[in-house]
Every structure is written in C-alpha cells, then in structure tokens.
**Student:** 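Sharing a structure here in structure tokens format.
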Amino acid sequence: MAYTHHQLTAQSALLWSHSASLEISAPLEGVIRARFAPLARESSLIFPRLATKTSFAVVHQGVLPVDTMLEDGILSLEAGGVHFELDLPSGEWKFFDADSRLLCRGFEAVGGVKRQFPNDAQFSSLTLRAPPQEAYLGFGEKVGMLDKRGMHLTFWNTDVVPHFPDTDPLYQSIPFFIGLRDGVAWGFFLNESWRAEVDIAKANPERLTWQSSGAEIDCYLIAGPTIQTILERYTALTGRQPLAPLWALGAQQSRWGYENEADVRNVIEAYKQHNLPLDVISTDIDYQDAFKVWTWDKSRYPNPKKLCEEAAKEGIKLVPIIDPGVKLEPGYKVYDEAKANDYLVRFERGDTLVGEVWPRPAVFPDFTRAEVRDWWADQHKDMLETGIAGFWNDMNEPSSFSLQNSTGGFTDDGNLSGGMGQVEGKTLPYDARHGTRRHLEMHNVYGLTMCAATRAALERFGQGKRGFVLTRAGSAGIQRYSAVWTGDNSSYWEHLALSIPMLLGLGLSGVAFTGADIPGFAAHATGELLARWYQLGAFYPLMRNHSAKGTTMQEPWRFGEPYLSMARAALEMRYRLLPTLYTLMYNASQNGSPVLRSLIMLDPTDPECLNANHQLMFGDALMVSPIVVAKSTKRVTYLPAGQWLEFHHLTAGKTLEAGHTISNAPLECIPLYLRAGHALALTQAAKHTTTANWTSLEWHILLAPKIQGELYEDAGDGFGAHRYTVLHGELENNVLVLEKTSAGTLAFERQQESIIVYGVSNVQSVSGANTYRTEQNTLHIEINSDWTRLEIRL
C-alpha cells in the first residue's frame, strides 16, 4: 500500500493515501507504536487523522520525542534507542533495535468492509515476514508447544468444557508474542480488543498474519534483546501483577459441590486430621440463594460471618465464586439497581439482553463502562465485612448457555429477524450493545473489566489488606487485577503435561500468577495422577485442588496411602519454597518477570532449551522436570550450560554437567536440579502461612565462581515495612566471599539463618559464622540474621 501524503511532528508521523492512514509514535524506550488503518477514509470521521483511542490494555501514558527524516521515499523515525523505516511507495516497513539489528519486517496492511444492515462487517490485517529460523513464544493461554510457529490461533474468550490438547480458543485472549531469532528477542503486541486471529507461518511458511474484526491494527513493536527486557517493556505498557498476600500462595482447596457450612468445616477438619497444609477454601456456586450473585442460601450457609471467623482461627481464608450473570428477578436488589440505572448489556434492538448462566433468566452488567464497574465494586462490601478474603471470578467470558430473543429487527432484505445477531460459542451476540460499542469489540475485555471492578473493591473496602482475585477470562493487562487459572481442564495425563507450556506461555505474556486445577477439574483422577500433579503443582504460583460435581472426590485423603503421603510431601515442599516464591512474585510486580520460566530464558541460542516443553525453571535457581506420563519412573532431563546439583524433593544428590541426564523418579520423587551459582531460599514447612518475615531461613547454594540470590520479606499482607536482600558471592584463589545487603525498614523476626554450600570438599576456615561443619562435600553454616560478610577459605 503506497502512502502519498505525510505530516511530521516532534512526537509522531502521520502518513496517508487515498484510503489508508498510518500513525507512528514511540511511547517509551525501545518501543514503537504503529496504528495501521487500511480503511481509514471509511472508518474515521476525521480522516486522515485517527481518533483518540481508549485502550483497556495499555495503561502507560505519554510519548517520547521522535526524530524523523523523509528522503527518496523512505521515512525514518528514531526514538528511545530504536528505529522504524517505512518505504512510502510500497508500504513496506522495518523495525531495528539500538544495535541496528533488523528485528521485524512488515509488508502488507489491508482491510475490507461489507455494508450490511444494521451493522457493517469489517476487518483489517497486517502481515509480517516470518524468517525460517524464528520462533514465536507467548500468545497467552494457548495449547500446543512453547514455539507456536505453524499454528493458527483465535482470540475470542470461550467457555469450553471439556477441552483437549488441541482446543482453541480458550478463556483468555492476549494477542502478544515474543519473536526469537539467533538469540535475539523482540516483541509484538496487538492493542485491539476485537475478535482476532493470527496465522503463524501456517498457511504460508514465510508469513505471519494478524487479522482483526476492527478497523485498524494498532500494534506495539518492542525491542529486546532479551526476553526479560521484552517483558519489562510490555508490562510497562500494560501494567504489572500486584503482589499477592502470602496466604494466596498457600494451598487452596475447592470443589463444585461443597454444598453447606458443614462441608466446609469438615474439609478444614480433615486437613487437620491428615496433617496437610491449607490456606484457602473456595466455595463454588452452591453457596448462593437460587444462584443469585451476592447472596447466601441461608438454609445451607446460615451464618457466613461465623464460618469465616472459625476458618480464620485455623489460618484459613474463604474465597467465594462470583459470576457476572445477574438473575432477572424483580425485587432482587442487584437486578433492580442494574435495571434502574441502565447498567445492563442490551440487544441490538435496544431491549435488555436476557440469557442464562446458572441463574435463569440472567442479565449481564456492562463492566466496560466505568460507572458500572464502580457500582459492581460496591457490591463486594458486605462480603468483605463478613470476612471474605478474596474473590474468584468465573463464567466471565461472558458465558451464556442460551439467549432469549429480543423483539427483533429488520434485515437488509426487509424481513424481520429474530433479533439475535451472530453468536460464536456460549456467549452474547456479536451485535449486542455495550453502551456505544458492540460485543464483537468488547467481548474479550469483559472478564478484564469485571476483574478491574473486583480489584477496585479490595482497594476500597479491604482495610489495608491486599486481597486476592482469581479469574477464568481475561485479556492483555489482566495481570494488573487478577491471578489466572487455565479453566476447566480434566484429570488426564495429557492435561498434566499440557499445563507446563500453557503456564509458561502465560508467563511469557506478562501473566505471572497462574495455575491449573490439580489434579484436573473434569473426569476422574487416580492416585498416581494425584501424586504426580501435586508434585508439579507445588511449583505453580497458584496451587489449587479443584473438581467438578459428578467426578471422583479428590481431596488428598480420598485416595488412601501411599498417595496421601505423597501429596503431603508435595505440600510440605511447597511451604518450604515460599520464601523463593514470594520473592519471585514480588519481582513480577516490579519488572514483569515470570515465576515459571522456559529454559529458553537461560540460553536463547540453545535449540534444546526451546524444545524443552515439559521442563521449567522456578525462578533462576531451580529446574523442575516433572513426570507427566503414567507408570513412568525415569525421566530424561536436559541441563543447559553450567553445573547442576540433583535436588530431588529439595534433597542434594550428585553434581552434573550440562547435557541430557536420566533420573530415577519413583512415585514419591520429582526430579529437581539446583543451578550452580544461584542461591535458593527455603524455610520450614508449616500448616498454613503466617508472615513473610521468615522465622526460619536457609540459603542453598551450589558452589560457582559467582553467586547471586535475593529475598523479599514483609508481613505477608498489607503495605507496611519490608526488607529486600541481595546475596552476592565471588570465588577467587580458593576464597569464597559472600556478601549480603538489605534495603528497607523491616526488623528481623529470626535470630539466625543457615547457609548450605554444596560442592565443597575441604574447608580451612570460615570467618563470620557462628558455627560451621562439613559433611559429604557440603558446608553447613549458622550465622546471625543481620550478617553482611562471610569469608570461606577452601
């Protein structure tokens, strides 16, 4: 597409032709924004300019100054260390990083419109070159392996149960990816809420094509060169995960089928009897009065406040499910207020849209409007005052099992329609009305805007607590408001394996607080699957056992021994890992780094790392290589460059070099590997969380020339004092010097901490320790908690 006119300013470049417009700017360092509007003359009332855009995803404000030059038909734009080059006669463009590396090339932006009554159908698309060796990572919650090259993906939040290893789309729509070629990463974010699709070199192995149902392709091109740099910049645009309260990182138990207060009390008692750690019980829809949101069935839950108080005495929080469907029942306060204030989604004809979720009939609040979100936030107040600690948002794609026809409208051939409009999946029609916008545009952000209201409620009524939000549906930016679980999976080994690349993909899309239902929501778990899933789930940021009515009851004790003991061991391992997990969650809140990391983040040039779809890094220090196949008792693991220590179930074994290794993994064992030079912080197991100012702390280190570690501590909730500790070490001339620096005003709860250094054969002296001993090539040190320097002579 040729551009024949231009307007250059200090902050942007506007190009246009007879029908198309293109606006280029630089919102922040390393990022170029390009708004391709191939049918701007038809879609924009202010052509050639593009209308100011309200984004539900992008929270970053402001732009950088740009340097532009137009010479021989080539527009060059530089800003923030990156360079964008556009060939006006052909419309082809290139994106370069600060080292003049070509990151991305685009060559085709097209659009189309079908005039029809009552709403036109339109599309726009953008095609990028797909170099043969380039991998494509991220795309949010998607099936398949880490590298999505060769796939065609749809972004349309969908309630689908059961789903399978090739099901697409699912519940989240995050149109963001990271390209990786020759060890250099770059990012692409499509800032569109419209239904979208992407063909990732499937139809044509040399092309990657995005298509949106909207009038433009608003994209952000992000320079690396590392994956972490991409994530820092992407989350600077779309926001970062708020730090969760510590209790939300503890074990969570749920079932669709805890029907009354006695069930909840019995679950708490059984966890105690079986000596199992627990922090959260989630209540599914059974607690509601006739499925009316914000109500309690008083025959089943006669005194919710007392139940919350009893649970709190046991260290357990209650988190109820909240669905967006509001029962259409005159006299029901929530419905009456929504109806009176015009807060509900409407049919195209203008009638209130009526469907069915669990309540029948049901209507749907329009969370895409700020006044509706504000009203919905107020609905949380009574539950928070009751003692509820967080909220679980479900069915918020939004899901609707059926729709009642409106009074209809006229079609373009003069006939009376049913008034429904096109419906894709169990949801609302494309042409349903959200204020002045249509559902085809608002569908994917419905879940995000519902979670925005929930987060606002926690800030408004949370009394200084952080609170917890969990969601099934969402879109780009969902990390600002909520944790994400991967929806209605099943108790299949394939779903255990699938959870790894799915959660890694979410992490590579800015969403760090994630999990999958353990050991599957639908179908029937076995004891073996329970044990293996608990072993992997101990590393999920969100660790929740959840299942559906009509399936095998799957609380850990239901399966008897030896599976109960294996689940207990995995839970105890989880609680030992909490200092590291809490620190990783804090870092995610600061720089967008994932908790669960693909091996490719260790070495982006290693194809073995790219293809390690069923291994993961828990931060920088610990590799997890779970068993994901039934009856397997051995596991082949790929170890990237460097030394590694067998650390199965957090117990030291032999030291290994890089390459493939085979581990024995009987049912009670999950293969783990400690990375040389990276300190892993552990504590003692507990029955529930209390404080993140750890009273017991151990640093585990495999000796290396350089050592690093970090630890974030605070009260575990609220916004009070904190302490951030950095551990640094260097080994030179047989002398290991460890230094610790801390920032913050939080006082220590512990008097001492332990340092365990592996790979040490002889120790001449340790300066700065209270006590030390060596055994089996391991140095054990006890030292005051406020230590700053330790010198070990080997």
Side-chain angles (χ1 to χ4, degrees), residues 161-162 164-165 250-258 263 266-282 284 485-486 488-500 502-503 515-540 542-577 614 624-635 648-651 663-672 685 687:
V161 59
F164 303 99
Q252 302 193 22
Q253 179 63 52
S254 178
R255 181 172 171 85
W256 179 18
Y258 293 156
D263 286 348
N266 288 337
V267 169
I268 294 172
E269 182 60 29
Y271 263 86
K272 287 177 61 179
Q273 287 181 358
H274 293 99
N275 200 26
L276 297 167
L278 182 65
D279 266 87
V280 177
I281 292 180
S282 294
D284 212 309
W485 100 101
T486 57
D488 295 343
N489 64 354
S490 297
S491 297
Y492 304 145
W493 287 91
E494 293 83 358
H495 277 209
L496 170 61
L498 179 63
S499 74
I500 301 172
M502 285 184 76
L503 298 183
D517 284 341
I518 303 169
F521 172 74
H524 305 285
T526 65
E528 182 190 7
L529 181 60
L530 174 97
R532 291 304 193 190
W533 213 318
Y534 260 93
Q535 290 168 0
L536 172 59
F539 297 91
Y540 292 168
L542 175 80
M543 187 183 189
R544 184 177 76 154
N545 180 320
H546 181 50
S547 58
K549 285 184 176 181
T551 67
T552 301
M553 301 287 282
Q554 58 188 37
E555 295 84 4
W557 58 88
R558 303 284 188 178
F559 298 86
E561 295 292 359
Y563 310 112
L564 170 59
S565 292
M566 294 170 184
R568 182 186 299 113
L571 285 164
E572 290 174 347
M573 179 172 63
R574 165 59 165 231
Y575 280 70
R576 291 197 66 198
L577 288 162
H614 298 125
V624 184
S625 187
I627 302 298
V628 295
V629 178
K631 308 301 181 185
S632 293
T633 57
K634 293 184 182 296
R635 171 70 204 247
H648 306 343
H649 257 285
L650 307 181
T651 301
S663 296
N664 290 320
L667 189 55
E668 68 274 8
C669 172
I670 179 171
L672 305 174
K687 293 301 172 284

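Since we're looking at a predicted model, the values are computed, not measured.
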**Student:** How close do Gly537 and Ile518 get, heavy atom to heavy atom, and via which atoms?
**Tutor:**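 Shortest heavy-atom contact: CA-CD1, 3.7 Å.
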
**Student:** Checking Gln554 against Ser491 for the side-chain contact (heavy atoms from CB on, under 4.5 Å) test, could you report, in this order, the C-alpha distance in whole Å, the side-chain angles of both residues, the deciding distance, and whether it holds?
**Tutor:** CA-CA 10 Å; Gln554 58 188 37; Ser491 297; 3.9 Å; yes

**Student:** Is any side-chain heavy atom of Pro519 less than 4.5 Å from a side-chain heavy atom of Asn545?
**Tutor:**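 Side chain of Pro519 against side chain of Asn545, heavy atoms only: contact under 4.5 Å found.
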
**Student:** Let me see the working for Arg558 and Thr552 under side-chain contact (heavy atoms from CB on, under 4.5 Å), right down to the final yes or no.
**Tutor:** CA-CA 9 Å; Arg558 303 284 188 178; Thr552 301; 5.9 Å; no

**Student:** Apply the test side-chain contact (heavy atoms from CB on, under 4.5 Å) to residues Asp279 and Tyr575: give CA-CA distance (whole Å), side-chain angles for both, the deciding distance (0.1 Å), then the verdict.
**Tutor:** CA-CA 11 Å; Asp279 266 87; Tyr575 280 70; 2.7 Å; yes

**Student:** Mind checking whether Leu276 and Leu278 have side chains closer than 4.5 Å, heavy atoms only?
**Tutor:** no

**Student:** Has the side chain of Arg532 got a donor or acceptor atom that lies under 3.5 Å from a matching backbone atom of Pro626?
**Tutor:**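 Side chain of Arg532 to backbone of Pro626, a donor-acceptor pair under 3.5 Å: no, none is there.
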
**Student:** Under 3.5 Å, side chain of Ser547 to main-chain N/O of Phe521, donor-acceptor pair present?
**Tutor:** no

**Student:** Which heavy atom in Val628 sits nearest to a heavy atom in Leu496, and how many Å separate them?
**Tutor:**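 Of all heavy-atom pairs spanning Val628 and Leu496, the closest is CA-CD2, 3.9 Å.
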
**Student:** Indicate the atoms forming the closest heavy-atom contact of Pro556 with Tyr271, along with that distance.
**Tutor:** CD-OH, 3.7 Å

**Student:** Who passes salt bridge (charged side-chain N to carboxylate O under 4.0 Å, His left out) against Asp517, sequence neighbours left out?
**Tutor:** Arg544

**Student:** Is atom NZ of Lys549 surrounded by more than 12 heavy atoms (other residues, nucleotides or ligands) closer than 6.0 Å?
**Tutor:**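 Count over threshold, so yes.
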
**Student:** Determine the sole option in Glu572, Arg568, Lys687 for which the side chain to side chain donor-acceptor pair (under 3.5 Å) test with Asn275 is passed.
**Tutor:** Lys687

**Student:** Is there a side-chain contact between Ser282 and Arg255, using heavy atoms and a 4.5 Å cut-off?
**Tutor:**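 No, every pair of side-chain atoms sits at 4.5 Å or beyond.
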
**Student:** With rounding to the nearest 0.5 Å, note down the distance linking OG1 in Thr486 to NE2 in His495.
**Tutor:** 9.0 Å

**Student:** Using modelled atom types only, decide if a donor and an acceptor are shared between the side chain of His648 and the backbone of Asn664 within a distance under 3.5 Å.
**Tutor:**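 Not at all, since once roles are kept as given, no pair shorter than 3.5 Å links the two residues.
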
**Student:** Search all heavy atoms of Ala525 against all heavy atoms of Phe559 and return the closest pair with its distance.
**Tutor:**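 In this case the closest contact between Ala525 and Phe559 is O-CE2, 3.5 Å.
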
**Student:** Does Tyr563 reach the side chain of Leu667, with side-chain heavy atoms less than 4.5 Å apart?
**Tutor:** yes

**Student:** Test your reading of the model: is there a side-chain donor-acceptor pair from Arg574 to the backbone of Tyr540, 3.5 Å cut-off?
**Tutor:** yes

**Student:** Tell me whether the rings of His274 and Trp557 are parallel (<30°), tilted (30 to 60°) or perpendicular (>60°).
**Tutor:** parallel

**Student:** Output the distance between atom CE (Met502) and atom CD1 (Ile500), rounded to the nearest 0.5 Å.
**Tutor:**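 It comes to 12.0 Å.
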
**Student:** Looking at residues at least two apart in the chain, or sitting in another chain, which of them share a side-chain hydrogen bond (donor to acceptor under 3.5 Å, both in side chains) with Glu528?
**Tutor:**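 Checked Glu528 against side-chain hydrogen bond (donor to acceptor under 3.5 Å, both in side chains); zero matches.
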
**Student:** Just by modelled atom types, is the Leu498 backbone N or O under 3.5 Å from a matching donor or acceptor in the Glu494 side chain?
**Tutor:**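 Between the backbone of Leu498 and the side chain of Glu494 there is no qualifying donor-acceptor contact (under 3.5 Å).
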
**Student:** Taking the side chain as every heavy atom from C-beta outward, state whether Pro666 and Cys669 have any pair of such atoms under 4.5 Å apart.
**Tutor:**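 Yes, at least one pair of side-chain atoms sits under 4.5 Å.
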
**Student:** List the steps and the verdict of side chain to side chain donor-acceptor pair (under 3.5 Å) for Asn266 and Tyr258.
**Tutor:** CA-CA 10 Å; Asn266 288 337; Tyr258 293 156; over 6 Å; no

**Student:** Measure from the side-chain N and O atoms of His524 to the backbone N and O of Thr551, and report whether any donor-acceptor pair falls under 3.5 Å.
**Tutor:** no

**Student:** Can you tell me how far OH of Tyr534 sits from CD1 of Ile670, rounded to the nearest 0.5 angstrom?
**Tutor:**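 These two atoms lie 14.0 Å from each other.
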
**Student:** Quick one: list whatever passes ring pair (Phe, Tyr, Trp, His ring centres under 6.0 Å) with Trp493, sequence neighbours left out.
**Tutor:** none

**Student:** Does Glu555 use its side chain to pair, donor to acceptor, with the backbone of Gln253 at less than 3.5 Å?
**Tutor:** no

**Student:** Please give me the minimum heavy-atom distance between Pro277 and Leu571, naming the atom from each residue.
**Tutor:**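 Pro277 and Leu571 have their closest heavy atoms at CD-CB, 3.7 Å.
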
**Student:** If you apply the rule side-chain contact (heavy atoms from CB on, under 4.5 Å), what do you find for Ser499 with Leu536, and how did you get there?
**Tutor:** CA-CA 10 Å; Ser499 74; Leu536 172 59; 3.7 Å; yes

**Student:** Any idea which heavy atoms bring Asn489 and Ala516 closest together, and the distance?
**Tutor:**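 Of all heavy-atom pairs spanning Asn489 and Ala516, the closest is ND2-CB, 4.0 Å.
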
